Structures are given as structure tokens and as C-alpha cells.
Amino acid sequence: MALETPEYELISKHDSFEIRRYSEMIIATTSVKADYKSSTSSGFRRIASYIFGGNDKKMKIAMTAPVISDCPSEGLDTYNVSFVMPREHSMKDLPKTNTSQVSIKNEALGEVAALTFGGWATESRSVNFQKKLAKLLKLNNINTQGGFMVAQFNAPYVLPMFRKNEIMVRIKR
């Protein structure tokens, strides 16, 4: 069964990337002070605990895709990791977290550029695809705002040739 993904409107499609406008969404998010690999792993486990019943209502929440994290960059030592909550939920009906390390909030990504790639979203591959997207955006005179993000769509057991990831960044209009 396919996992729910955030809704967006396709604004334009370029050779290797898309410009999208995302609808507002609710996210569960955490910040982890560690390297990229450790942060994404720890962050995933923290939020997974919340959606698997580690909350004040012991309520299970459906998994969605993607898991979104900050993209590795020079000097970054803390990474934000987020899950998008299913659209059926509102801020009012979502349970409270059992830990101050996870917060629930509204997120408005707005317009983003997205570049899709397969395989594992390792630190080096994520950085390489971030550089590729940054170069493509510059060639197309598209300005960015904020940091790049890595979106991972698959469970950890999915083989590399079947994996889907994206590098995303907010753009200025």
C-alpha cells in the first residue's frame, strides 16, 4: 500500500527538476545535534516513537512519506528531521508528544525546487545532488531561500534500485 505524501501543485517542470507549491501541512519534528547519519537515524526513531503510540493518547498515527531532514552542509552540526502528519488530522486532534524533543507544528513550505534521485540518501550523495540542484537553479535564474532539505520516501529495507529521494529548497519569487 502506498504511503500518503504531501499535496502540491506542479508549477513548472524543467529538464531535471520541478518547481512545486506545497499546501500547508502539519509536521512532527525534532532537532538532533550530531552528524548527518546519526541525526537522521536518531530523529527518525524519536518521531517514529511518537506515531507508534508514544504520546499522551497512546494513539497510533499512520506513517507518511517522505521523512524530511536538513541537507548536510559545511558547519552544520544540528539537523532537523520531520514527518508529515496524515491530512486526516488537525492540530486539535493530534496527541501531545511524550517528550520535549518532538514538537508538532504547522509548516508552509510554499514554493520549492525539487530534484529526484534514487539509491541511498547518504551524506556524500545528498551533498552532490544539492550541488547539482543549486547549479541548475543558478542556470535558470531561480533564487533560493533557506537551507536545502533531503526527502526520503522509502522504508530502510527497500533496496537501493527501488528507492526515491529528493533534494528540495524553498525558492524566492
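Here the structure is a predicted model, which means the values were calculated and not measured. Both backbone and side-chain heavy atoms feed into the values below; hydrogens, waters and symmetry mates do not.
Within the 4.5 Å cutoff, no side-chain heavy atoms of S38 are placed close to those of V32.
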*Going through the distances and angles, do T116 and E18 end up as a side-chain contact (heavy atoms from CB on, under 4.5 Å)?*
CA-CA 9 Å; T116 302; E18 296 179 344; over 6 Å; no
*asked:* Checking T40 against V150 for the side-chain contact (heavy atoms from CB on, under 4.5 Å) test, could you report, in this order, the C-alpha distance in whole Å, the side-chain angles of both residues, the deciding distance, and whether it holds?
replied: CA-CA 10 Å; T40 53; V150 179; over 6 Å; no
*side-chain contact (heavy atoms from CB on, under 4.5 Å) between H14 and N140, worked out*: CA-CA 9 Å; H14 300 260; N140 285 277; 3.8 Å; yes
*Give the intermediate values and the outcome of side-chain contact (heavy atoms from CB on, under 4.5 Å) for residues V112 and Y22.*
CA-CA 8 Å; V112 302; Y22 278 88; 3.3 Å; yes
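Rounding to the nearest 0.5 Å gives a distance of 11.5 Å between CD1 of I26 and CD of E107. Distance check: N98 CG to N55 CG gives 6.0 Å after rounding to the nearest 0.5 Å. The CD1 atom of I171 lies 5.0 Å from the CD atom of E111; values are rounded to the nearest 0.5 Å. Distance OG/S126 to CD1/I167: 4.5 Å, rounded to 0.5 Å.
By the 30° and 60° cut-offs, the orientation of the rings of F129 relative to F117 is parallel.
In this structure, K105 contributes its side chain and T29 its backbone to no donor-acceptor pair below 3.5 Å. Between the side chain of R125 and the backbone N or O of W120, at least one donor-acceptor pair lies under 3.5 Å. Side chain of T5 to backbone of A65: no donor-acceptor contact under 3.5 angstrom is found. Side chain of R20 to main chain of S12: no donor-acceptor pair is present (N/O by atom type, distance under 3.5 Å, no hydrogens or angles).
Side-chain atoms of R45 and S49 include no donor-acceptor pair closer than 3.5 Å. Side-chain contact check for S31 and N80: at least one donor-acceptor pair (N or O, by modelled atom type) lies under 3.5 Å.
Placement of F17 and Y8 in two distinct hydrophobic clusters is found when ILVMFWY residues are connected by side-chain heavy-atom separations under 4.5 Å, directly or transitively.
For N143, there are no side-chain hydrogen bond (donor to acceptor under 3.5 Å, both in side chains) partners two or more places apart in sequence or in a different chain.
The only option from F44, Y50, F52 that meets the ring pair (Phe, Tyr, Trp, His ring centres under 6.0 Å) definition with F83 turns out to be F44.
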